[in-house]
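See below for the structure under consideration.
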Amino acid sequence: MKKKHTISRRALFALMSAAMLPPITVNAQLRRADVIVIGAGVAGLAAARKLRQANISAIVLEARTRVGGRVWTDRSWGYALDLGASWIHGVTNNPLSKLARDWRIATMPTDYEYAVLYDTNGRALSETRQVAIGDQLDALLEAAAARGERRSRDVALQTTLDELLRAENLSPSERRVFDQALNATIEHEYAADAAQLSLWHYDSARVFGGEDVLFPQGYDQIVRGLARSLDVRLDHVVRAVDFSKPEIRVSSSRGVYSARSVVMTLPLGVLKRGGLRFTPELPRAKQDAIAQLGMGLLNKVYLRFPRRFWQDEAELIGYIAERKGEWAEWLNIAAYSDEPVLLGFNAASYARKLETMSDTQVVAAAMSVLRTIYGSRIPLPEDSLITRWAADPYALGSYSFVAVGASGDDYDALADPVDQRLFFAGEATHRDYPSTVHGALLSGERAADEIIATV
Ligand SMILES: Cc1cc2nc3c(=O)[nH]c(=O)nc-3n(C[C@H](O)[C@H](O)[C@H](O)COP(=O)(O)OP(=O)(O)OC[C@H]3O[C@@H](n4cnc5c(N)ncnc54)[C@H](O)[C@@H]3O)c2cc1C
């Protein structure tokens, strides 16, 4: 007997008013739709939502037992903490701002001016000194870009910075200061070492203006809004896509699905690993783009303390480590939720190293920095939440970056539809706004528009 999952009338009303979509009755036995969307992250959900608004049926297949992908809110401590994306980067004209407004989701700005910075021994640097460090970084990045224009081939950003720094004759402590600024500003943002980033193209993406805001009650509210009324099948690991015949066959851990079009939103890390078999093979240009773009790593460590021992007013707490890249930046969660929680960020090489360590070792490393700053008498954390995005088989990294030898063209190549039947979305397919939630959203909507144009 076919089992139908129906929704209560009240829930239907809520869904319709919130998402402006007609109700849907999901027939879980049905394995065919106009479109199969692979992946229920923001890109996949945005694609399915737009298709549904155009009366095109879509089934979303998702490997995990939750939606959202790299947007993932944890509530195990009784309040929301985002383990994946935190911010809407730039609220002005950002499509996520409109969704947050329409769905009445509370946001709070981050004020990067409220920042403190500590040296290796735990001494606070003056504000004037902090401004001077920022100016030095900006000047060197500009000089590196200017040098890049005169080069005949691309090199790593770090290579050119090292050339410029040689002329600056910095002392070891001055060099540590510069390294912290580079790490916290550039390497955290691009989730890659400067030694991996393309000098020519690492910052070629566009940005929305306005402030950055985060969601004190969790980014997953956006995901839930997008997922409303959609036919999402969780716990479906897709293993193969056969588009050799007019009807595309998608093989998953729970059987074969078919459609005339497919939207593929798998993270770049998963595509790089080749965990999915395509028949026929993907075009050369797409395979090259997958190989050339980098998949970066940014990880988070939340520590919950019995009480707050750090300053109230600071939103960001910086630390100039002995070794580059270690615990360079902390976010004061108490500024957003009143909870005595600190969030440490680590990116690239050091984030990879931390993934090889146990939770106890990671917390010990974090605490040694916090004790240097705030003294040996600070309390031990009551609990920790530690992400390991590189080890996550359905992400295999945090977000894409432009590696040496790659360029924005690779994002376009990854986005190009194959045969007007196999469509691509996901943050790594958006040339203008890669590596972001809004890029993922826009890429999903673009893929839906491409399909709508074919019917
Ligand atoms: C720690 C961290 C911090 C970040 N901070 C920010 C931020 O502050 N602001 C911002 O804008 N962006 C941020 N990002 C980036 C942002 O989260 C991503 O760009 C965006 O969420 C990607 O969405 P997506 O739909 O392209 O991919 P995903 O969300 O990864 O969706 C792809 C989906 O495919 C599924 N999948 C994988 N393999 C299979 C398979 N074989 N079969 C079926 N399904 C599969 C995955 O489970 C996933 O649900 C951050 C990311 C991380 C990890």
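Numbering of ligands and ligand atoms starts at 1, following listing order. Here, residue 1 is the first one in the sequence, and each next residue gets the next number.
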Would [X] count as a contact of ligand 1 if the rule is a heavy atom under 4.0 Å away?
X: R239; value: no
X: V71; value: yes
X: G275; value: no
X: N299; value: no
X: G68; value: yes

Examine K300 relative to F345 and say whether NZ or CZ is less than 6.0 Å from the centre of the six-membered ring and inside a 45° cone about the ring axis. no
Six-ring centre of Y257, R31 cation under 6.0 angstrom, axis tolerance 45°: yes
Donor-acceptor pair, side chain of [X] and main chain of [Y], under 3.5 angstrom:
X: D34; Y: I56; value: no
X: E211; Y: G90; value: no
X: R49; Y: S229; value: no
X: D82; Y: G84; value: no

Measure [X] to ligand 1 on non-hydrogen atoms and call it side chain, backbone, both or neither using the 4.0 Å cut-off.
X: W87; answer: both
X: Y399; answer: side chain
X: S435; answer: backbone
X: L83; answer: backbone

Considering heavy atoms of the protein only, find what lies nearest to atom 27 (O) of ligand 1 and give residue, atom and distance to 0.1 Å. R70 NH2, 2.9 Å
Quick test: of every protein heavy atom, which one is nearest to atom 3 (C) of ligand 1, and how far off is it to 0.1 Å? G84 O, 3.3 Å
Scan side-chain atoms only and decide if Q420 and T454 contain a donor-acceptor pair under the 3.5 Å cut-off. no
Yes or no on side chain to side chain contact (heavy atoms under 4.5 Å, CB included) for L276 and M264, after CA distance, side-chain angles and deciding distance? CA-CA 11 Å; L276 210 73; M264 171 70 55; 3.6 Å; yes
Closer than 4.0 Å to some heavy atom of [X] - which atoms of ligand 1 meet that?
X: T265; value: 32 (C)
X: H236; value: 42 (N), 43 (C)
X: V237; value: 41 (N), 42 (N)

Looking at R352 and E355, is there a salt bridge between them, counting it only when a charged N and a carboxylate O are closer than 4.0 Å? no
